[in-house]
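The chains referred to below are lettered A, B, ... by the order of the sequence lines, with proteins before strands, and numbering in each begins at 1.
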Number of protein chains: 2
Amino acid sequence: MRTGDVAVGATRPMGGRTRVTIADVAAHLGVTKSTVSRALNGYPDIAEATRLRISRAAERLGYRPLSHAQAIRTGRVRSLGLVLQIDDEDSARPFLANFIAGVTQAASDENWTITIATAESEKGVRETLSRLVDEHKADGFILPRTLLRDKRVEILRAQNVPFIMFGRTADPTGCAWYDIKGEDAMRAATTRLASFGHTRIAHVPGGEEYTYSRLRIGGYREGLEAAGIAFDPALIGPPALTRQAGDMATRALLALPEPPTAITFAVDRAALGAYRAAQALSLRIGADVSVIAYDGVPEGAYADPGLTTFAVNSRQAGERLATLLIKRIRGAAPEELRELAPATLIERGSDRPPRLTPAALARHLKTQTNI
Amino acid sequence: MRTGDVAVGATRPMGGRTRVTIADVAAHLGVTKSTVSRALNGYPDIAEATRLRISRAAERLGYRPLSHAQAIRTGRVRSLGLVLQIDDEDSARPFLANFIAGVTQAASDENWTITIATAESEKGVRETLSRLVDEHKADGFILPRTLLRDKRVEILRAQNVPFIMFGRTADPTGCAWYDIKGEDAMRAATTRLASFGHTRIAHVPGGEEYTYSRLRIGGYREGLEAAGIAFDPALIGPPALTRQAGDMATRALLALPEPPTAITFAVDRAALGAYRAAQALSLRIGADVSVIAYDGVPEGAYADPGLTTFAVNSRQAGERLATLLIKRIRGAAPEELRELAPATLIERGSDRPPRLTPAALARHLKTQTNI
DNA sequence: CAAACCTCCGAAACCGGTTTCGGCAAGGCT
DNA sequence: AGCCTTGCCGAAACCGGTTTCGGAGGTTTG
């Protein structure tokens, strides 16, 4: 085939003109493939002059090694795996775009790529994860939404595949992770509310199977202690991850004999449910009942009043996770690859000094609901 | 190495126990690699009995071909490429999770994977796209957010790389696409408003560089015509893609001597800006001014009153795009790979019969603003 | 019964890289 | 001068698959 011949239509599977291979570079310079390979990969037994000559020629000829051709010998495909669970309509949504942006950014800085897959259930996630591992589609995996006991970890550990978790776990042996200090956020939220004069402060946790949930409850209790407020188990509401559940949890807490005048939520979305509950009970968020939550979903800004929350920088999380994972794949010990980052408070209007005492609030609620 | 030997620590780059290769399967059966390969890939010159024997053995031994090992000879990595532009804070966000879910679902049904990358600018997108093409990280690409004249198309066409667009384009030669009939939606929105009794109906288009924008304006004009309303160029507002821009566009339209009592928006997010404008002008959406938009973002449901909109099923879009692209990669002609799907109307409270005539609305507005 | 054809599979080349091994030449050491 | 290093690179094997080529054996045809 002469140079300039170009496949027409779909004759050639892909890539119009023939690729320039390592053999082309070698022939062009009158050296062997092996020399080119070693020069380009920084082996020590190549003369500096030769290395320069080769890398310049490679550059000029536009030589790009095929990562999958390299992979067959090296066992590295230069790709990071990410298996997302997309179940209920809106779970991972706001989080996702920035997170992916962060991950891909860090990855492409090292000239790696991301292989992404989704599943609808935990079981589905494990199955796709296994498949990707079997077919070696990625050199390592990022595990979002870490559970207290996470079967994904068992799978990867058994196959000896590098991974990093977004979130801590119950059994940390051999695990690298990046996590946000949700416990600090919840402690700060609680002391903040206490400093406003609240004495009955409730907490609505997230999903029990998640590690973060336990941590945030811990932070809440620390906050109470720091403020000198006795912990009341009744003020731990039922777990809530959705608006609907948050609505119910809020109603349940307000129905207590001595209701809270402030509620901390482990999850923004649940906190938005409190707005609904408040409206139904003719209560005003940020006056009759204060709210501080965690996540930083955009909807919080559009609520009325705006939701005060501890926002996580998910773009940065993605970036760090990717860089740490690459280090892990390159051999770093997992114990050295653990990072914690703070959440940042976004003050809006949902947390204010209490307008009523708990007792007055209870009386007020009695007049509203006619049960 | 005896069977049972397992690499400890990070000795072996990945995959604890040695992989079972095609040679293992062949040896186990006393045939050659080539026979196994042909049997598994459905070549016609393998006896049915042999094929069965081989595929059963492969199954039992847990043999999984490495796609990158196959790729080196076949030129196919069994991966779909997706380069996302994540620029302004919240552009692609709600769209993304479901879209990716759809794409990955369809891809993994065929045992393909998705290689994803992001960039912040159009230029960045083109650069990453070129890089992925050069390194053959994917066999074909999905191009979201098609522009009227799209340079990504030129890049891929030049390299003869298969692709499919989410959205139509000005020059369709050689292009496969999937798109939502936004023009139909806008026509329906307009006739619907007209049927409510609105006579002054405005339209706020999306970004001018996008194909859809032009199409939706066309639909709007068709709707006017069908309702027997004369087109008034003054009622085409400035393009708006964000809440902020939608706010401004709404104010501009309402400041007209004969203001519209209804506005159609090419984009939900812009329509949400109208709520702000209305509040500032003491107007009630769904009474003083009606609104119908397009996209189906979740925030629309939480607006008060809820935003009536034409929602696109982005999960389905992802699914179809992936399946069509795979067909394209397998050699189907692009002309046969063009699909249009309808948007579905979600009726909420933002579109109602007008409470005031345009003249009365204008008078009302004069009393509000003291300029 | 030989020639011509199929059917089915083995042998070997091939894809584009990496890595091992060994050898040549120059330099250092006694 | 002879020997031993050391630096540098070529030759060839290798990775895990796919694909071409050809040939053995059985079947059909003339």
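- Between the P atom of D/dG23 and the CG atom of B/Asp45 lies a distance of 16 Å, rounded to the nearest Å.
- Within the cation-pi definition used here (under 6.0 Å to the ring centroid, within 45° of the axis), A/Arg338 qualifies as a partner of A/Trp177.
- At whole-Å resolution of the value, CZ in B/Arg53 and C1' in C/dC9 are 11 Å apart.
- A side chain to side chain contact (heavy atoms under 4.5 Å, CB included) with A/Leu80 is found for one member of A/Leu325, A/Asp139, A/Thr104 and no other, namely A/Leu325.
- The closest side-chain donor-acceptor pair between A/Arg78 and A/Gln70, if any, does not fall under 3.5 angstrom.
- With rounding to whole Å, A/His68 atom NE2 is found 12 Å from C/dT18 atom P.
- Salt-bridge formation is detected for the pair A/Arg157/A/Asp171: a Lys NZ or Arg NE/NH1/NH2 atom is positioned less than 4.0 Å from an Asp or Glu carboxylate oxygen.
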Practice item. At under 4.0 Å between heavy atoms, which parts of nucleotides 11-17 of chain C does protein reach? Answer with one letter per nucleotide, 5' to 3': B base, S sugar-phosphate only, - none. Key: BB-BBBB
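- At a cut-off of 3.5 Å, with distance as the only test, a side-chain donor of A/His28 or A/Arg60 sits close to an acceptor on the other residue.
- Across the protein-nucleic acid pair, A/Ile46 atom CD1 and D/dT6 atom P stand 19 Å apart, rounded to whole Å.
- Across the protein-nucleic acid pair, A/Glu48 atom CD and D/dC9 atom C1' stand 15 Å apart, rounded to whole Å.
- Checking side-chain atoms of A/Asp179 against main-chain N and O of A/Arg168 turns up a donor-acceptor pair under 3.5 Å.
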